[in-house]
Chemist: 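So that we are looking at the same thing, I have put the structure below in structure tokens.
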2 protein chains.
Amino acid sequence: MANRCSQELYEFKAELCKTFADAKRLQIIDILRGGERTVNELVQFLRAPQAVVSRHLAILRDRGVVKARREGVNVYYSLTDSKIGDACDIVHQILLEQIERNRKLADRLVSGL
Amino acid sequence: MANRCSQELYEFKAELCKTFADAKRLQIIDILRGGERTVNELVQFLRAPQAVVSRHLAILRDRGVVKARREGVNVYYSLTDSKIGDACDIVHQILLEQIERNRKLADRLVSGL
DNA sequence: CTGTTATATTGTAATATATTAATATATTAA
DNA sequence: TTAATATATTAATATATTACAATATAACAG
């Protein structure tokens with residue numbers, strides 16, 4: 001079942017995971033799942049400095065996670081692959097299960113033994 | 001469809017993604033998908049110094065991705081959640097599609113526009 | 001207790017990453 | 001051309017991560 005693969009392929013996968021390993025970038029991805037957005041719209045959603053958003057978009061672009069389309073003054077960003085959304089969903093689920101496990105553990109510890 | 005959530009939840013998700021953002025850790029995860037393994041077995045598979053493997057296992061442990069079980073002298077590691085394997089599969093698929101896209105682009109460039 | 005094997009932790013140097021402020025570029029309107 | 005708006009890049013700094021070597025701990029055999 002597991003995809004055992006070459007050292008080099010693992011490096012590429014790690015690169016891709018690094019791309020997801022930032023709260024702002026995850027937020028950008030979630031916003032873009034609702035459709036393409038301009039940089040300005042993203043800046044407003046994230047309430048972060050424009051340079052920061054632009055930097056994160058460059059990282060997402062370089063790693064092929066989003067694509068950019070210029071229309072006049074604006075640049076519209078969108079996801080390159082709907083599977084990226086699926087990946088985010090699974091991360092979401094794993095996190096929820098972790099929280100649930102921790103909750104149960106906490107309950108057991110508090111309720112004596 | 002997207003799971004828009006609080007800033008704090010995005011931080012946790014990013015933490016989880018960081019855990020996956022290393023080639024050696026991804027390899028450990030793939031090995032553990034085949035069942036639990038001792039540290040020594042992992043050291044042999046990875047051909048990395050024991051301290052390095054142990055460090056990565058600690059990171060995976062701290063973030064709730066793997067769990068450890070001591071049996072005598074050995075410590076057996078296993079995945080805490082089978083969904084972690086699913087997440088790796090999706091990353092695998094996204095990477096394959098990226099490679100495919102790049103291949104097509106390269107073909108187009110070489111075959112003269 | 002001593003030695004041995006398996007595993008974990010810590011300090012450190014090298015490297016990578018994010019943030020910020022400043023500056024640069026691109027597009028359009030006037 | 002100049003001004004205005006949208007976006008991108010760069011340099012400096014702060015922070016985080018990794019690998020490696022050395023050391024520590026844990027379990028057990030004798």
Side-chain angles (χ1 to χ4, degrees), chain A residues 7-8 10-29 31-32 35-80, chain B residues 7-8 10-29 31-32 35-80:
Chain A
Q7 176 63 26
E8 205 175 359
Y10 280 115
E11 299 284 356
F12 280 115
K13 289 186 186 183
E15 277 300 297
L16 189 53
C17 291
K18 261 179 213 168
T19 310
F20 298 139
D22 179 279
K24 291 204 182 69
R25 290 198 289 270
L26 288 177
Q27 212 175 339
I28 289 173
I29 290 171
I31 293 169
L32 294 182
E36 65 175 7
R37 298 285 180 190
T38 67
V39 177
N40 229 331
E41 287 174 323
L42 293 170
V43 166
Q44 287 169 11
F45 277 129
L46 298 180
R47 297 215 201 95
Q50 178 266 326
V52 169
V53 174
S54 204
R55 191 82 202 56
H56 285 299
L57 286 170
I59 291 169
L60 290 164
R61 231 188 310 121
D62 290 347
R63 310 226 173 123
V65 172
V66 304
K67 56 182 186 255
R69 175 178 74 81
R70 177 149 227 150
E71 193 177 307
V73 166
N74 297 304
V75 176
Y76 289 85
Y77 279 88
S78 57
L79 297 180
T80 54
Chain B
Q7 177 63 26
E8 205 174 359
Y10 281 115
E11 298 284 356
F12 280 115
K13 289 185 185 185
E15 278 299 299
L16 189 54
C17 291
K18 258 180 215 165
T19 311
F20 299 139
D22 179 278
K24 292 204 180 68
R25 290 198 290 271
L26 288 177
Q27 214 175 337
I28 289 173
I29 290 171
I31 293 168
L32 294 183
E36 65 175 7
R37 298 285 180 190
T38 67
V39 177
N40 228 332
E41 289 174 320
L42 293 170
V43 166
Q44 288 168 10
F45 277 128
L46 297 180
R47 296 215 202 96
Q50 178 266 326
V52 169
V53 174
S54 204
R55 187 86 196 71
H56 285 299
L57 286 170
I59 291 169
L60 290 164
R61 231 188 311 121
D62 290 347
R63 310 222 174 127
V65 172
V66 303
K67 55 183 186 253
R69 176 179 74 79
R70 177 148 228 150
E71 192 176 305
V73 166
N74 297 304
V75 176
Y76 288 86
Y77 278 88
S78 57
L79 297 180
T80 54

Chemist: What is the distance from atom CG of B/N40 to atom OH of B/Y76, rounded to the nearest 0.5 Å?
Modeler: 10.5 Å
Chemist: Are the side chain of B/R61 and the backbone of B/R63 linked by a donor-acceptor contact shorter than 3.5 Å?
Modeler: no
Chemist: Where does DNA chain C pair, written as one dot-bracket string 5' to 3', with Watson-Crick or G-U pairs under 3.5 Å, ( ) inside the strand, [ ] for crossing pairs and | for another strand?
Modeler: ||||||||||||||||||||||||||||||
Chemist: Using a 4.0 Å heavy-atom cut-off, does A/V52 contact any base of the nucleic acid, only the sugar-phosphate backbone, or nothing at all?
Modeler: base
Chemist: Could you tell me the separation between the CG atom of B/D22 and the P atom of D/dT18, rounded to a whole number of Å?
Modeler: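 Whole-Å distance recorded here is 5 Å.
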Chemist: Give a yes/no on whether any side-chain N or O of B/Y77 is located under 4.0 angstrom from OP1 or OP2 of C/dA8.
Modeler: yes
Chemist: Could you tell me how far apart B/R55 (CZ) and C/dA6 (C1') are, to the nearest whole angstrom?
Modeler: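 Spelled out: CZ on B/R55 to C1' on C/dA6 is 19 Å.
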Chemist: What are the residues of residues 67-75 of chain A, sorted by number, that bring a heavy atom to within less than 4.0 Å of DNA chain D?
Modeler: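 Hits under 4.0 Å, by residue number: A/V73, A/N74, A/V75.
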Chemist: Report yes if at least one side-chain N or O of B/H56 is closer than 4.0 Å to OP1 or OP2 of D/dT17; otherwise report no.
Modeler: no
Chemist: Any base atoms under 4.0 Å from A/Y76, or only sugar-phosphate, or nothing? Heavy atoms, all strands.
Modeler: nothing
Chemist: Can you check the B/L60 CG to D/dT18 C1' distance for me, whole Å?
Modeler: 14 Å
Chemist: By nearest nucleotide on DNA chain C, pick out whichever of A/Q50 and A/K18 is the more 5' one.
Modeler: A/K18
Chemist: Is a side-chain N or O of B/R25 found less than 3.5 angstrom from the main chain of B/L60, in a donor-acceptor match?
Modeler: no
